[in-house]
Chemist: 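Pasting a structure below so you can have a look.
Just so it is clear, the values below take in all heavy atoms, side chains as well, and ignore hydrogens, waters and symmetry mates. Small disclaimer: the values here were computed from a predicted structure and weren't measured. Position 1 is the first residue of the sequence; numbering continues from there.
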Amino acid sequence: MSIECIRHIENSCEIKQRLALEQESQNNYTVAINYYLEALGRIELLCSSYNAYIELGPSLYIQYIETSLKLAKLYKKEDHFDKYHAVIHKIKSFIINLKSTLNNNKTILNQLNSITEKIN
């Protein structure tokens with residue numbers, strides 16, 4: 001994936017997250033959920049690219065987790081408890097796998113531990 005493509009996807013993701021926050025602040029949770037899902041799709045695409053990882057670093061994974069947490073929160077507000085629990089389970093699994101991958105990076109491990117404490 002080219003750097004231009006990575007930047008385009010990253011910018012699109014930021015726009016989707018901003019739109020989601022705007023909709024959430026207006027209590028339009030269903031629309032916000034859709035924007036978060038679109039943002040997550042873009043982040044997942046970036047996570048699958050080695051070039052994106054090199055360009056954006058571990059912060060890409062933190063962004064994925066934080067966006068997933070926002071989505072889970074909205075699912076809970078909308079009483080979609082099955083989807084809420086599925087997202088939380090996915091986040092926990094993602095964090096476990098990421099921790100094992102990034103054993104030597106203390107900064108990212110501290111961020112992941114902080115997020116895990118918030119979930120539990």
Chemist: Report the distance from atom CD of Gln17 to atom CD1 of Ile43, rounding to the nearest 0.5 Å.
Modeler: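 One finds 5.0 Å between CD of Gln17 and CD1 of Ile43.
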Chemist: What heavy-atom pair brings Ala32 and Ala20 nearest, and what distance separates the two atoms?
Modeler: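 So the two residues come closest at CB-O, 3.4 Å.
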Chemist: Please determine whether a side-chain nitrogen of the Lys or Arg among Glu24 and Lys73 lies less than 4.0 Å from a carboxylate oxygen of the Asp or Glu.
Modeler: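 So Glu24 pairs with Lys73 through a salt bridge.
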Chemist: Any chance you could measure Leu40, atom CG, to Leu71, atom CG, to the nearest 0.5 Å?
Modeler: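 Those atoms lie 6.0 Å apart.
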Chemist: Got a second to check how far Leu37's CG is from Thr67's OG1, nearest 0.5 Å?
Modeler: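 Between atom CG of Leu37 and atom OG1 of Thr67 there are 11.0 Å.
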Chemist: Under a single-linkage definition using a 4.5 Å side-chain heavy-atom cutoff for Ile, Leu, Val, Met, Phe, Trp and Tyr, are Leu112 and Ile119 assigned to the same hydrophobic cluster?
Modeler: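 Yes, same cluster.
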Chemist: Output all residues satisfying ring pair (Phe, Tyr, Trp, His ring centres under 6.0 Å) with Tyr64, sequence neighbours left out; order by chain, then residue number.
Modeler: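 Ring pair (Phe, Tyr, Trp, His ring centres under 6.0 Å) check on Tyr64 returns Phe94.
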Chemist: Roughly how far, to the nearest 0.5 Å, is the CD atom of Gln23 from the CD1 atom of Ile33?
Modeler: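 That separation rounds to 11.5 Å.
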Chemist: Could you grab the distance from atom CD of Glu10 to atom CD of Glu14, nearest 0.5 Å is fine?
Modeler: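 Glu10 CD to Glu14 CD: 5.0 Å, rounded to 0.5 Å.
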Chemist: Please name the pair of heavy atoms, one in Ile62 and one in Gln111, separated by the smallest distance, quoted to 0.1 Å.
Modeler: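 Smallest interatomic distance, heavy atoms only, reads CG1-OE1, 3.5 Å.
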Chemist: Quick one: closest heavy-atom pair of Tyr84 and Ala72, and the distance?
Modeler: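 Closest pair (atom of Tyr84, atom of Ala72, distance): CD1-O, 3.0 Å.
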Chemist: Establish whether Ile9 and Ile15 are linked, either directly or via other cluster members, by ILVMFWY side-chain heavy-atom contacts under 4.5 Å.
Modeler: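 Each belongs to a different hydrophobic cluster.
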Chemist: Less than 3.5 Å apart, any donor N or O on the side chain of Tyr29 or Asn27 sitting next to an acceptor on the other?
Modeler: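 Yes, Asn27 and Tyr29 have a side-chain donor paired with an acceptor closer than 3.5 Å.
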Chemist: Hey, any chance Leu74 and Ile91 share a hydrophobic cluster, counting ILVMFWY side chains that come within less than 4.5 Å of each other, even indirectly?
Modeler: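 Linked, Leu74 and Ile91 end up in one cluster.
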Chemist: Step by step, work out the side-chain hydrogen bond (donor to acceptor under 3.5 Å, both in side chains) result for Tyr36 and Asn34.
Modeler: CA-CA 5 Å; Tyr36 280 131; Asn34 289 329; over 6 Å; no
Chemist: Indicate yes or no for a side-chain donor-acceptor contact from Ser12 to the backbone of His8 under 3.5 Å, with no hydrogens or angles considered.
Modeler: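 Not a single qualifying donor-acceptor pair exists.
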Chemist: Using only atom types and a distance under 3.5 Å, with no angle test, would you say the side chain of Ser93 pairs donor to acceptor with the backbone of Lys90?
Modeler: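 Side chain of Ser93 to backbone of Lys90: no pair is present.
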Chemist: Please identify each residue that fulfils side-chain hydrogen bond (donor to acceptor under 3.5 Å, both in side chains) with Gln63, with sequence neighbours left out.
Modeler: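 Applying side-chain hydrogen bond (donor to acceptor under 3.5 Å, both in side chains) to Gln63 gives none.
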Chemist: Regarding Glu4 and Arg7, does a basic nitrogen lie under 4.0 Å from an acidic carboxylate oxygen?
Modeler: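 Not counted as a salt bridge, because no side-chain N and carboxylate O are separated by less than 4.0 Å.
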Chemist: If I compare all heavy atoms of Cys13 with all of Arg42, which pair ends up nearest, and what's the gap?
Modeler: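 In terms of heavy atoms, the two residues are closest at N-CD, 3.8 Å.
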Chemist: Nearest 0.5 Å, what's the SG-CG distance between Cys5 and Leu45?
Modeler: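 Separation between the atoms: 7.0 Å.
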